[in-house]
Amino acid sequence: MNTVTTKGPRSGERGYEESPRNHSLPILNPPNPQRAAAPRVVVIGKESVGKSQLIASLTGERPEVSNLKGTTLACAAYRWGERTLIDTPGIERQSDSVTTRDALQSLAEHDTVILIAAGTHLDDDLKDLWPLVAGKQGVVVVTFIDRVANVAASERLEELSRHAGVSFVGVDARAVSAEQTERLRIALTEPAEFSKQSPTLTTGWRVEPPAGWLDRPWLGPVLALSLLMGPATFAVWFANTVAQLLDPIIGGWLKPLAEAIQAWPASLDLLKAALAGQYGLVTMGPLLFVWAVPTIVLYAFLLAAYKASGLIDRLNIALHPLARPFGLSGRDIVRVVMGFGCNVPAVISTRSCSSCTRGSCISAIAFGAACSYQFPATLAVFAAVGRPWLVWPYLGYLALTTLIYLRLTAPREARSALNLLVVDRRHFMEWPRLNSLWREASGTLRQFFFQALPIFFAITLIASVLGWSGLLDKAAAVVQPLMSLFRLPAEAALPVLLASIRKDGILLFAGGEETGSMAAAWTATQVLTAVYLAGVLLPCLVTALTIAREQSWRFAAKLLTRQALAASAFAATVAWFGKWIGW
Ligand SMILES: Nc1nc2c(ncn2[C@@H]2O[C@H](COP(=O)(O)OP(=O)(O)O)[C@@H](O)[C@H]2O)c(=O)[nH]1
Ligand SMILES: [Mg+2]
């Protein structure tokens, strides 16, 4: 059987990448000699003009379609009948992003092209993109034809076809008819050449989404900020409330189990520790479930709705003036927000950011985006010590220190007033469709359940073994003097160390036997300091490796050093400030 015809992105000369949706880094596929037989057609166009949507409709496969600009991050190949369609990231004029570069590179490697132009901005798209395809062969697909409420649209496209000598096919990429598919197929069988000269015939079509409150000069940024923070705050509050209700109930269920395990004979010591010891599975597991699951589920659906509706792009534009002094562009903000789900895909998605601000954006994610393991673990610790309200000072301090950190580290050119947001156009918003909502959200949830949870179990196991063997106490003795810099007891060293590998290591502050949590007797300031330090000192190991892959080892090493120094300084500040005010 021809492996080329199976589902998913396919191999190609450049090794087209798996769509980087999850923790696994993009894999270069091995070259497949059979593939050479299939004629390859590269699909090119600006961002969010429906390239992936068209491919999805034609092939029935699932490239990433989203109403968020810059969603497709890597070229990927999909089989369509006897042809192979190459999906590419959007080409943005004047952008030096990695994604634009990759799309241009893929264009250079292929002779047959489907040029996608949005019907809403047809003249602009043709003017900007035609020079790139001149001399190649192919067809123009005009998407968003449903937005061009023009009865004579198809006649206009006929005229354009005759004028330019290349077929123009108008479609609603979300619902391509059999007749449109057939026209495309025929046009590609003997594709005409794109003339050296751009077509001079214009349609004058221009459909802009109506300007809204978000586009107002002062109101816009304020509204955007509240739209971004409001639902997030609600999610935190809601998850906190649910968890506080569930915690004692589930704790009550598990108590007899923990007691039964404790009663096992002494020869099973290690197993007892691993299950019901201070860091054991039964002791710590409910914390993760009760605190993490509500936050993660709610957050996944919220973000999915923002992306699928296109609201997030509007927020980016509105927030750009606020982001610039910190070396970020509006576009980077959504990547940082994504980092609250998981830092890894967020770092990968910075490929579509301008190279001028990409470094700052990665720094912001690594430093300030408390991922879905870090944040719920943090909430769980605050709850375990009976001070759930600490979440508010925690978030406030995290935001404040992230901004200070960025301000200090962002390159001057990124902060310059000349760092204009490259926005060609405002995008149409749409009601999020249920299937896109579900696809977005379920991706995040799958990541959590299949990738984070197993690692969490491994961490409780490792910690139990280390604790049981006495190694922990020895390691803690080494790091003890450092912990006193932060006015923390020596035992705080272990969660801080573990959290640098995996963020849910923070949960160890909450672990405890009959004596209660490690942090139970600490002052509020100590709890805050410890959790902040463990969360921010270093990004988790997977994030660190991803940064090295996406940028370079040097960049990663510099970022980690800088972050560790800054985080230590900020944590020490809280610790000593807290002592000063007697907290
Ligand atoms: N109304 C309308 N929406 C479309 C059309 N084509 C794509 N979309 C929507 O526009 C958004 C961006 O599409 P996508 O395929 O991800 O764009 P890409 O960046 O070019 O790959 C998605 O929400 C699509 O559902 C179209 O022809 N008409
Ligand atoms: Mg796409």
Side-chain angles (χ1 to χ4, degrees), residues 9 16-21 42-78 85-92 95 97 99-100 102-103 106-107 113-122 125 128-129 140-150 153-154 157 168-177 180-181 184 205 207-209 304-314 331 334 348-349 351-352 423-440 443:
Y16 287 101
E17 293 174 340
E18 298 270 358
S19 141
R21 280 196 67 92
V42 65
V43 181
I44 284 286
K46 293 186 182 175
E47 282 179 348
S48 286
V49 293
K51 298 177 295 298
S52 303
Q53 179 72 69
L54 178 76
I55 292 178
S57 298
L58 290 178
T59 63
E61 296 203 19
R62 305 177 69 189
E64 266 214 81
V65 177
S66 165
N67 207 3
L68 167 72
K69 284 196 171 192
T71 292
T72 304
L73 292 169
C75 301
Y78 300 89
L85 299 180
I86 315 286
D87 192 11
T88 60
I91 294 177
E92 286 302 285
S95 171
S97 65
T99 45
T100 290
D102 284 355
S106 183
L107 178 62
V113 180
I114 296 181
L115 176 63
I116 309 248
T120 51
H121 297 76
L122 185 56
D125 279 9
D128 292 338
L129 298 178
V140 181
V141 171
V142 180
T143 50
F144 285 85
I145 207 74
D146 51 301
R147 293 273 183 191
V148 185
N150 184 336
S154 46
L157 292 184
F168 278 65
V169 183
V171 299
D172 173 348
R174 300 166 305 171
V176 184
S177 71
Q180 290 163 340
T181 310
L184 245 177
W205 296 348
V207 190
E208 296 283 0
Y306 273 40
K307 280 165 97 175
S309 63
L311 178 61
I312 202 111
D313 272 327
R314 294 294 187 84
R331 174 179 286 245
V334 61
I348 295 175
S349 75
R351 285 181 194 174
S352 67
V423 206
D424 270 7
R425 62 184 71 145
R426 257 181 302 132
H427 209 67
F428 283 96
M429 307 246 295
E430 52 179 65
W431 280 106
R433 279 166 296 161
L434 268 183
N435 61 353
S436 20
L437 251 183
W438 175 243
R439 195 192 40 219
E440 287 275 355

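Atoms within a ligand are numbered from 1 in the order they appear, just like the ligands themselves. All heavy atoms count here, side chains included; hydrogens, waters and symmetry mates do not. Bear in mind the structure is a predicted one, so any value in this text is a computation, not a measurement.
- Ser66 O, 3.3 Å is the protein heavy atom nearest to atom 12 (C) of ligand 1.
- Short contacts between ligand 1 and Gln53, defined as distances under 4.0 Å to a heavy atom of the residue, involve ligand atoms 7 (C), 15 (O), 24 (C), 25 (O).
- For atom 6 (N) of ligand 1, the nearest non-hydrogen atom of the protein is Ala173 CB, 3.3 Å.
- Protein heavy atom closest to atom 22 (C) of ligand 1, with residue, atom name and distance, is Val65 CG1, 3.8 Å.
- In terms of polar-atom proximity, defined here as any N/O pair under 3.5 Å, Val49 does make such a contact with ligand 1.
- Across every non-hydrogen atom of Cys75 and Ile86, the tightest pair is CB-CG2, 4.2 Å.
- Residue contacts with ligand 1: Lys51 is placed with a nitrogen or oxygen under 3.5 Å of a nitrogen or oxygen of the ligand (distance criterion only).
- For residue Ser52, an N/O/S atom approaches the Mg ion (ligand 2) to within less than 2.8 Å.
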> Does the pair Ile116 and Ile44 meet the rule for a side-chain contact (heavy atoms from CB on, under 4.5 Å), with working shown?
Replying inline: CA-CA 6 Å; Ile116 309 248; Ile44 284 286; over 6 Å; no
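- Ligand 1 has no nitrogen or oxygen under 3.5 angstrom from a nitrogen or oxygen of Glu47.
- Scanning the protein for heavy atoms near atom 8 (N) of ligand 1, the closest one is Phe144 CZ, 3.5 Å.
- Note that CD of Glu430 is 8.0 Å distant from OG of Ser309, once rounded to the nearest 0.5 Å.
- Atom OG in Ser436 sits 6.0 Å away from atom CZ in Arg439 (nearest 0.5 Å).
- At the top of the distance list for atom 26 (C) of ligand 1, counting protein heavy atoms only, stands Asp172 OD1, 3.3 Å.
- Of the charged side-chain nitrogens involved, none lies within less than 4.0 Å of a carboxylate oxygen, so that Asp172 and Arg147 do not count as a salt-bridged pair.
- Interatomic distance, CD1 of Ile91 versus CG of Leu107, reported as 6.0 Å (0.5 Å rounding).
- The side-chain contact (heavy atoms from CB on, under 4.5 Å) with Leu157 is formed by just one residue from the set Val140, Val148, Leu122; it is Leu122.
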>> Go through it in stages, so that I can follow the logic: the residues are Arg174 and Asp146, the test is salt bridge (charged side-chain N to carboxylate O under 4.0 Å, His left out), and I'd like the CA-CA distance, side-chain angles, deciding distance and then a yes or no.
In response: CA-CA 10 Å; Arg174 300 166 305 171; Asp146 51 301; 3.1 Å; yes
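- A salt bridge is defined here as a Lys NZ or Arg NE, NH1 or NH2 lying under 4.0 Å from an Asp or Glu carboxylate O, and Lys46 with Asp128 meets this definition.
- With a cut-off of 2.8 Å, the Mg ion (ligand 2) has an N, O or S atom of Thr72 in range.
- Against a heavy-atom cut-off of under 4.0 Å, Asp146 is close to the following atoms of ligand 1: 1 (N), 2 (C), 26 (C), 27 (O), 28 (N).
- Residue Gly50 has at least one nitrogen or oxygen atom sitting less than 3.5 Å from a nitrogen or oxygen atom of ligand 1, judged on distance alone.
- Within the structure, ligand 1 has Ser48 among the residues with a heavy atom less than 4.0 angstrom away.
- At least one N or O atom of Arg433, backbone or side chain, sits closer than 3.5 Å to an N or O atom of ligand 1.
- Near Val171, the atoms of ligand 1 lying under 4.0 angstrom from a non-hydrogen atom of the residue are 27 (O).
- A side-chain donor from one of Ser52 and Thr72 sits under 3.5 Å from a side-chain acceptor of the other.
- Between Ile145 and ligand 1, no pair of N/O atoms sits closer than 3.5 Å.
- Taking the six-membered ring where the residue is Trp, Phe144 and His427 present perpendicular rings, their angle passing 60° and hence far from 30°.
- For ligand 1, the polar-atom distance check finds an N/O of Arg174 within less than 3.5 Å of one of the ligand's N/O atoms.
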